[in-house]
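Residue numbers count from 1 along this sequence. Please read these numbers as outputs of a predicted model, since none were measured by experiment.
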Amino acid sequence: MSELELPQNTILLGEHEYAAALDTVIAEAQEQLLIFDQDCSVGDFASIKRFDLLTEFLNKSDLTKLTIILHHTDFFTTECPRLFSLLTTFSHKMVVYQTNDHAKIAKDCFALADDIAYINRFHIDQARCKYALNDAETTASLAERFDALLLETTHTISATKLGL
């Protein structure tokens, strides 16, 4: 769990609180974790702690599944080597998509855990977010947005290079 004690179902301000709430949502996930982000450059995605939390989630059971949608993948592929390596280790449980140009108007970020917990950063340029652990209604609404963004993806990111 996070070192920072956060009130549940509240608005949070600041990068530290955003990262701590993201830690908590990831730790709460038991089977499904959905993440939509601009490029993984905020939220400590390149950290060892984020890698450890995601690895722990993916190792929880045979049923766990991690789906990430990104607008831009350069930061993920070059600055998050540990996270990128999870694609090789857990290719059967993890997929990373890139959105098409039409979807790039979405400027928020969010993570959903098991249809019950979420963190929603309202705009990538502001560290203001809403976080809740027991809010199935809002989580379902964000899951619909995630599904709509998934329809606007162009391709998946692969950990292996294919060639002749």
I'd like to know if the side chain of [X] and the backbone of [Y] have a donor-acceptor N/O pair within less than 3.5 Å.
X	Y	answer
T154	Q98	yes
H123	D125	yes
K65	V95	no
D44	S47	no
T24	A20	yes
T77	T73	yes
Q38	D108	yes
N100	A103	yes
K93	S61	yes

So do the side chains of [X] and [Y] get within less than 4.5 Å of each other, counting heavy atoms only?
X	Y	value
F51	S85	yes
Y97	H155	no
R50	I26	yes
L12	C129	yes
L83	L54	yes
T99	K104	yes

Does [X] belong to the same Ile/Leu/Val/Met/Phe/Trp/Tyr cluster as [Y], with side-chain heavy atoms less than 4.5 Å apart forming each link?
X	Y	value
F57	L133	yes
L34	I68	no
I69	I35	no
L112	F45	no

Can you tell me how far the [atom1] atom of [X] sits from the [atom2] atom of [Y], to the nearest 0.5 Å?
X	Y	atom1	atom2	answer
D62	E31	CG	CD	11.0 Å
E17	L22	CD	CG	13.5 Å
T67	L150	OG1	CG	7.5 Å
I157	L70	CD1	CG	7.0 Å
H71	I105	NE2	CD1	8.5 Å
L66	L86	CG	CG	8.0 Å

What heavy-atom pair brings [X] and [Y] nearest, and what distance separates the two atoms?
X	Y	value
Y118	K130	OH-CG, 3.2 Å
L149	A106	CD2-CB, 4.3 Å
V25	A111	CG1-O, 4.0 Å
L58	T64	O-OG1, 3.0 Å

Quiz item: Taking the six-membered ring for Trp, are the ring centroids of F84 and F76 within less than 6.0 Å of each other?
Solution: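 Aromatic pair counts; centres sit under 6.0 Å.
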Practice problem: Could you tell me if the ring centre of F110 sits under 6.0 Å from that of F36? | Solution: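 When the ring centroids of F110 and F36 are compared, they turn out to be within the sub-6.0 Å range.
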Practice problem: Given side-chain contact (heavy atoms from CB on, under 4.5 Å), test D37 with D39 step by step and report yes or no. | Solution: CA-CA 6 Å; D37 201 274; D39 60 6; 4.1 Å; yes
Quiz item: Looking at Y18, does the NZ or CZ of R121 lie under 6.0 angstrom from its six-membered ring centre and within 45 degrees of the ring axis?
Solution: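 Flagged: R121 positioned over aromatic ring of Y18.
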Quiz item: Does NE2 belonging to H102 count more than 12 external heavy atoms closer than 6.0 Å?
Solution: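 Counting other residues, nucleotides and ligands, NE2 of H102 stays at 12 neighbours or fewer.
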Quiz item: Can you tell me if CD1 on I48 sees more than 12 non-hydrogen neighbours from other groups inside 6.0 Å?
Solution: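 Not more than 12 within 6.0 Å, no.
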Quiz prompt | Candidate pair F122 and I11, rule side-chain contact (heavy atoms from CB on, under 4.5 Å), full reasoning | solution = CA-CA 10 Å; F122 302 125; I11 301 288; 3.7 Å; yes
Practice problem: Check the pair V42, I124 against side-chain contact (heavy atoms from CB on, under 4.5 Å), reporting the backbone distance first and the verdict last. | Solution: CA-CA 8 Å; V42 296; I124 189 63; 3.5 Å; yes
Practice problem: Decide whether Q30 and D114 meet the rule of one side-chain donor and one side-chain acceptor closer than 3.5 Å. | Solution: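 Absent: no donor and acceptor within the cut-off.
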Quiz item: Salt bridge between K49 and D23, side-chain N to carboxylate O under 4.0 Å?
Solution: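 Looking at D23 together with K49, the answer is yes, because their closest N to O distance falls below 4.0 Å.
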